Amino acid sequence: MTLAEKRKLGSVLVVGAGVAGIQASLDMANSGFYVHLVDRSPSVGGIMAQLDKTFPTNDCAMCVISPFLVEVGRHLNIHVIPCSELERLDGEKGDFKATIVNHPRYIDTEKCTGCGQCRQVCPVVAINEFNCGLDLRKATYIPYPQAVPLAYAIDRNACIGCGMCEKVCLAGAVTYDDKTKITELEVGSVILAPGGEMYDPKEADSWSYSHPNVVTSLEFERILSASGPYRGHLMRPYDREEPEKIAWLQCVGSRDINRAKNSHCSSVCCMYAIKQTMIAKEHSAHELDTAIFYMDMRTYGKDFDKYYSRAKEERGVRFIRSRVHSIEPVENGNLRLRYVKESGESVEEIFNMVVLSVGFKPSSGVETIAKKLGLTLNEQHFFRTGDIRPVATSRDGVYVCGVSHGPKDIPQSVMEASAAASVATSDLSSARWSATRTPQLPPETDFSKMVPRIGVFVCNCGINIGGVADVPAIREYAKTLPHVVHVEDNLFTCSQDTQERMKQVIREKNINRVVVASCSPRTHEPLFQETIREAGLNKYLFEMANIRDQNTWVHKNNPDLATAKAKDLVRMAVAKAEYIEPLHQVKLDVKPAVLIVGGGVAGMEAALGAAEQGFQAYLVEKTDTLGGMAHQLRKTWQGEDIPAYLERLIKDVTNHSKIQIFLNTKPVHFTGTIGSFTTTLNDIHTGNPNGIIEHGAAILATGGREYRPEGYQYGNRPDVMTHLDLDQAMKDTPATVMNADTIVFIQCVGSRNSDRPYCSRVCCTHTLKNAIELKKIKPGMNIFVMYRDVRSYGFRESLYQEARALGVHFIRFDPENPPQMNIAENNILTITVTDHILQRPIVISPDLVVLAAAVLPNENKELFELFKVPVNAEGFLVEAHAKLRPVDFGSEGLFLAGLAHYPKSIDESIAQARAAVSRAVTIVSKDGIMVGGVVAAVNPDRCAVCCTCVRACPYGIPFIGNEGHAVIQQAECHGCGVCVSECPGKAITLQHFTDQQLIAKTRALFYQPAMNE
Amino acid sequence: MIVADRKPLVEIQEMVANSRKILVIGCKGCVTVCNVGGLKEAEILASSLRIGRNKNGKPMEIDETVLERQCDPEYIAQLKDKVGNYDAVISMACGVGPQFLSEAYPEQKFFPAVNTKFFGGAVQHGIWEERCAGCGTCVIHHYDGLCPIARCSKSLQHGPCGGSSKGKCEIANDVVCIWDLIVRKKMEQGRLDDLRLFQPAKDWRTARDGGPRRSIREELAS
Amino acid sequence: MSELKSGSNLEKVLKAGHFAFTGECGPPRGANIDHLKEKYEPLKGMVDAVNVTDNQTAVVRMSSMAASALLVQAGLEPNYQMVCRDRNRLAMMSDILGAYSLGIRNMLCLSGDHQKFGDHPQSKNVYDIDSMQLISMVKKMRDEGKFLNEDEIDVPPKMFIGAASNPFGDPFEFRIYRLANKIAAGADFIQTQCIYNMPKFREFIKKAVDMGLTEKCFLLAGVTPMKSVGMAKYMKSRVPGMDVPDEIIKRLQGVDKKEVADEGIRIACEQIEEFKEMKGVAGVHLMAIEWEHRVPEIAERAGVLPRPVI
Amino acid sequence: MSQDFEPQILAFCCKYCAYAAADLAGSMRLNYPPNIKVIQVPCTGRVDIIFLLRAIEEGADGVYVAGCLEGECHFVGGNLRARKRVNYVKKTLAELGIEPERVEMFNLSSAMGPRFAEIAIEMTDRIKKLGPTPVCRLAG
């Protein structure tokens, strides 16, 4: 076959269903590709599902991730393949054949309803891995209650084969004879997201980990979790006493080549330790003393430094810069820690509990996959990736994201996942929508003006409901309720055959409202809605009564009251059903184009990404050149050539037929909603219009700049320069730099202070890289780095090691006592700094002083107001959610990338730009956006144009339209209903949650209706 | 707009203590905008009254309705066939409402549900502030758009008095000293000399002090 | 300054170039004349005039006109205070006529404290005219012999017109202009709010001198001795427009509890000593609140005795 | 109070947190009194003052609103508004001489199944102590 004839497949494979794998799958499935999502474990979710809270917002991890889990589980174009592994990959980019090994689960996920009866009867207990072994589970188990797929599995290592589960399973889902199977999948590309594992302190005998009160940080997450082994009650494992004093030991298994043989920094431990101290303090009934023992506090991400100072200043967390050299069990289950303070003083302190902040190591799957697929690993056994192609592996068509190619936090993983989704599908764009499924549905029947005819289906859920409540009595009772024309009870209402029957009954009896009394709408409403839709009913003509999760499961001991309550709940559901109405979603056209504002690396990568995906890209730049800040950089941290990359990128962007570039241009007018925006562009100099463009999404990549330092004689002397000045000098006049015998680097100039309380993230790495280069050229040069914390996160730690090995001197200073510059009368410059180890001031006379100046966002007040996007106090753009929506804005259809979001290295900017493309493509790849449903609707007659909704809406969606009443665009409304409850004229309704419906439901609890005729 | 507050429930309960059938009438004008007398508040009041009556074992019937405005006779007239069915009617409009209602339906008893307070606007959702005292002779232009008659607690035309402290009025820490704002604005704009001028004693005849006021537009009135 | 506007003792003392010393007397909360007497008796011979407050802090007291008249009967010279809070222009003008007919020759024109913190917060305030307009009105009645409506007055009241100034109110930069406005409106003398922040007052008076204001008008510096640490703290934090530096509080806290009042008087006397020498200050107004009986001692210690008789 | 008084208590729970926590309490098979009946709302910001009043009017012995933890509302701040509305209703009830404790606001995350059960127990105990609602329901 010639190149042109090569087959491009419209399906993709994702290996690993942690948060990265989930995000990549959703992005691709939502932009026209069929996704096979493979995971070794019985359910999706990865490590994030085990976390209690997430930094720096302290959001509940499960609350944040579970909507994503549900979406993956129900997505028509995501095929979740649990208990499975990738065995081999043949073929090439665009046309792979993947061989998958499906391990036996012993329970058929198609049949299992998740009722849990099997677990109830299982006589065997086993270690509960989900709770890190802190408690036990049954051999028949589900990893956690929110698991997707919601199906049980049998742990055959623990199972004694008693057959109890098979006997009680009324769905017939237990399959003891389940065997390993092999499946083959045809996919166009592969994304690997097998993730990481936490370092096991048992590997080295250094931390008394065998003591029950020494736990790893992940174990501590489970201890804090409300659904964990202690139900959120802060206790130590040894005696279940509430600890009063807890120590955290940082860098366990990280930055440690002696004990753990891991040189990398795990990037997340500083932050999660701070989080754990704060959450533990909240959980503790008494004053809890928390101490973190650390080497460098690496709070380098967005809002991290503020979080750190909050812990220190407001919560009284003790931060002790010291490595603990021994942990010794003493009486009462306590532990004695010995450490040496920076001042050299030896200290002994007793703690009730010790948490080991364990680092990341690659998941055991990484090495296996690498071998099977022929991929290169780095020295730390993670997948090897470069900076300029940050998510590409050594094999074409195979991409990587998440922790498997380097330790990172959730937002970074999510960003990379989207980036991988974007690059993995850009070559497959010709096959978009070719492998996806679309539901074939009959037209909806029009029931308007017809009296309600309600059908009620009461579920026994095996014996989960029927074993406690009197289902026949509930069924008979439901018959007496108004407008009810059909009632039946089912063994499993959710089973395939009942679904078919339900459709048949709806048609036969002309049922126009359906009530199911079973489990939770959170898990099952979409299924039933699909079913009634298949029977020609609008999916909103549906209501559920939760008589299992919120009734029989919690009132087991009181069958009579459970039956009575079930009747109440059914009556309430029927009462609401009487008033529910069909809601019709409207399809809005989508303009298949993306606007990108900012022509730096992030903007260009975004434009190129969108164009490669087959969409028109409009790239708007306010200056007369593309490239932005990158023009001033020389090499990435791994040493890749930036000027050559930039030249290539500018050429690609300029020559791409789908990219239209507007230089010297700024947007001056912006209107529209997701999928269909209109932006007017003006020439920045003449003020004349440059064009009016229509686009379905927009990406803001407005960049940043280097801070021009005040002080340190910057600008007055040629021997004081910033990093970018140094880079320029190295390029233009290297001799001026190399003549120097002594160079001082001063870190955090303009960062981490009261004006800019954030870490500029890139400066430590930049300093290390330059120091190494200088030392290599001129080994005799004296190089001093004056720092507060060396923040060489991830593999960048290797630069720190190398710099030290090359003899670079590192001197730490306190913010209260920064390095002082003196200019003597003879114009000789000296720097004085207090050395913490020597405890005395050191005076250095450098030939050159390099200031690690802060990274600032570009000021674009007008532009940001035009797009109505928020900025934080420091001027950085604010994303929709710090964890799971790191490139989205709160306003739908708008995305961000690059330095405008936060300081970051070029590889991170590229990844974020590609991620923004992925997110934008989920919109522009569709031929229409469905809007409506559970959204607010304004009744113009009642509107008093009082602006209450305008002010109350948390998203700023309502406005007063030209017609003289409030307007709430269906496409933009998030459906929370705040405006509805505030509106003084009762002019707004939240569809499907109207006053009438909810008051009817309320009333029904207290009124027994008259008998139905 | 006219800004009002809902009267305490107990006061309204006492007004209608002996009534068995009550109509609550909201107004879609100012009182809806200031979230005190629209349909929402009418429903809340009706429900609260029902709860109170049911609790005391003296159930009654309450209906709610809302008029476009209670300060125009045409809208008042829409109640013609309705008011007679009730033994008490509660108006949620400003002080104008119950009076227009009483004038139109002299046989019926009308009760005010709100305390009418001032002319002002919303400074944010849920907070309204006075801006105008309706003095009948506007002098705002002398004070750079800030009215000391309405907003100085002593209506000083030559302020600020000695009680002005850190931009706040002597009466409370949360009351802005308008004179502080006036002076600062004049200073910023280099027009402090405006405040060296003596303002003669104000003619209060155009205010309420001149007796009940009327506005007659010859070209409109017939 | 040769021609006398009112012929009051205070006017004479000031115009003769003496350093004036005025006191203050709050009328009783009742018609108890003896109580009033207790308060004014110690002031006899100690001060040039006695301010008689007008429902001070919006608390009902005997009318300041009646109390002033009783002082006249007792041989003391009152400085009749009138606030804009409680009466409209009709009442004010009629009271001024009445006061003059009762022998009252000095008047202090004030806005008045808002009734919110008084004993009748329910009352309706008047503020028909403000203090600036009141000053102007009294001057018009005296100099033009006319009411506000331009009608002629049959025997116009000749008042020596006083006004108040608070150098410490905000905005500080504007205070000097407000003083200038009051002088332009017709104030013959100024009594200031109690002064504790001396550096700030020096700045203020320097500006007043530079602007020539103290040439046009007599300025009497307000002094109130601190009776206790509690009083100092209260005045610092609770009285709007009052500026009490921390040093004053520290100084009071620094002495034995029994000595605090004495230390307060010592601070006041030190201030008076400085005012005597300060350019632009024509006298001191001593507001010894509920401490009238100690005025002789303070006057003695401040070295302002004997008072000139003209 | 009568020993066998079984109060009717209505709980408005937001879809993302409180309702999920209620489900989790079920998955964990925690026991709590059956007096609690839940109505799901997308966000507690949708819980209108009138819903709470109407519940009391119709004869609820207790009503509560349960939303996300403060600062963690999925719709930014709906739970903060809900709290204010609950406080408003408490004030109204107090004016009417009804125990304001019959109405309450709670915050919990979706992972706090045990907390949901605790709240249900707490509210049931509280209402049992208060006794039946003093509001007599009208016939029909």
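Lettering follows sequence order; numbering is per chain, from 1. All of these numbers come straight from a predicted model, not from anything done at the bench.
Between chain D and the residues Asn558(A), Asn557(A), Asp549(A), the largest count of heavy-atom pairs under 4.5 Å involves Asp549(A). Among the candidates Arg548(A), Gln550(A), His992(A), the residue making the largest number of heavy-atom pairs closer than 4.5 Å to chain D is Gln550(A). Among the candidates Glu982(A), Gln120(A), His974(A), Met544(A), the residue making the largest number of heavy-atom pairs closer than 4.5 Å to chain D is Glu982(A). With respect to chain D, the highest number of heavy-atom pairs below 4.5 Å among Asn58(A), Thr57(A), Val64(A) belongs to Asn58(A). When the candidates Pro67(A), Gly114(A), Ser520(A), Gly116(A) are compared by the number of heavy-atom contacts under 4.5 Å with chain D, Ser520(A) comes out ahead. Per-residue counts of heavy-atom pairs under 4.5 Å with chain A were compared for Ala21(D), Cys73(D), Gly45(D); the largest is that of Gly45(D). Top candidate by heavy-atom pairs under 4.5 Å with chain A, chosen from Ala120(D), Ala20(D), Ala55(D), is Ala20(D). No other option in Ala564(A), Ala573(A), Pro521(A) has as many heavy-atom pairs under 4.5 Å with chain D as Pro521(A). Between chain A and the options Val76(D), Thr44(D), Leu108(D), Ile50(D), heavy-atom pairs under 4.5 Å are most frequent for Val76(D). Contact count versus chain A (heavy atoms, under 4.5 Å) is highest, among Met28(D), Arg81(D), Arg115(D), for Arg81(D).
When all heavy atoms of Gly26(D) and Val554(A) are compared, the pair lying nearest together is CA-CG1, 3.7 Å. When all heavy atoms of Val41(D) and Leu998(A) are compared, the closest pair comes out as CG1-CD1, 4.1 Å. When every heavy atom of Cys63(A) is checked against every heavy atom of Ala111(D), the shortest pair comes out as SG-N, 4.4 Å. Heavy-atom minimum distance, Cys976(A) versus Pro42(D): O-CG, 4.4 Å. Residue Leu561(A) comes nearest to Pro34(D) through the heavy atom pair CB-CG, 3.5 Å, listed as atom of the first residue, atom of the second, then distance. The nearest pair of heavy atoms linking Gly71(D) to Asp59(A) is O-OD1, 4.4 Å.
Contact annotation: the side chain of Phe51(D) never approaches that of Ser981(A) to less than 4.5 Å [non-hydrogen atoms, C-beta and beyond]. Side chains of Asn546(A) and Lys37(D) form no contact here, defined as non-hydrogen atoms less than 4.5 Å apart. Taking 4.5 Å as the limit, every side-chain heavy atom of Glu57(D) sits out of range of all side-chain heavy atoms of Ile999(A). Put simply, the side chain of Asn31(D) does not reach to within 4.5 Å of the side chain of His555(A), judged on heavy atoms. Side-chain contact between Lys53(A) and Leu69(D) is present, with heavy atoms from C-beta onward closer than 4.5 Å. Counting heavy atoms from C-beta on, the side chains of Tyr144(A) and Ser27(D) never come closer than 4.5 Å. Side chains of Ile39(D) and Met572(A) form a contact here, defined as non-hydrogen atoms less than 4.5 Å apart. In this structure, Leu10(D) and Lys1001(A) have side chains that are not in contact, with every pair of non-hydrogen atoms separated by 4.5 Å or more.
Note that CG of Leu990(A) and CG of Asp48(D) are 11.0 Å apart. Values are rounded to the nearest 0.5 Å. Here Thr1002(A) contributes atom OG1 and Leu53(D) contributes atom CG; the two are 11.5 Å apart, rounded to the nearest 0.5 Å. To the nearest 0.5 Å, atom CD of residue Glu543(A) and atom CD of residue Gln40(D) are 8.5 Å apart.
Of the atoms belonging to Leu24(D), it is side-chain heavy atoms, and not backbone ones, that fall under 4.5 Å from chain A. Heavy atoms of Cys953(A) lying under 4.5 Å from chain D are absent altogether. No part of Val63(D) comes within reach of chain A, as not one of its non-hydrogen atoms sits under 4.5 angstrom from that chain. Of the atoms belonging to Tyr955(A), it is side-chain heavy atoms, and not backbone ones, that fall under 4.5 Å from chain D. Heavy-atom distances place no part of Thr563(A) under 4.5 Å from chain D, backbone and side chain included. Gln146(A) touches chain D through its side chain: at least one heavy atom from C-beta onward sits under 4.5 Å away, while N, CA, C and O do not. Both the backbone and the side chain of Ala60(D) come within less than 4.5 Å of a heavy atom of chain A. If you measure heavy-atom distances from Asn464(A) to chain D, the contacts under 4.5 Å come from the side chain alone.
The pair Lys15(D)-Glu525(A) fails the salt-bridge criterion, with no side-chain N (NZ, NE, NH1 or NH2) lying under 4.0 Å from an Asp/Glu carboxylate O. Contact check on Arg46(D) versus Asp995(A) returns a salt bridge, with a Lys/Arg side-chain nitrogen under 4.0 Å from an Asp/Glu carboxylate oxygen.
Looking at Lys556(A), its side chain never comes within 3.5 Å of a backbone N or O of Arg29(D) through a donor-acceptor pair. A distance-only check finds no donor-acceptor pair linking the side chain of Gln8(D) to the backbone of Phe1006(A) [under 3.5 Å]. Under the 3.5 Å distance criterion, the side-chain polar atoms of Arg522(A) are left unmatched by any main-chain donor or acceptor of Tyr19(D).
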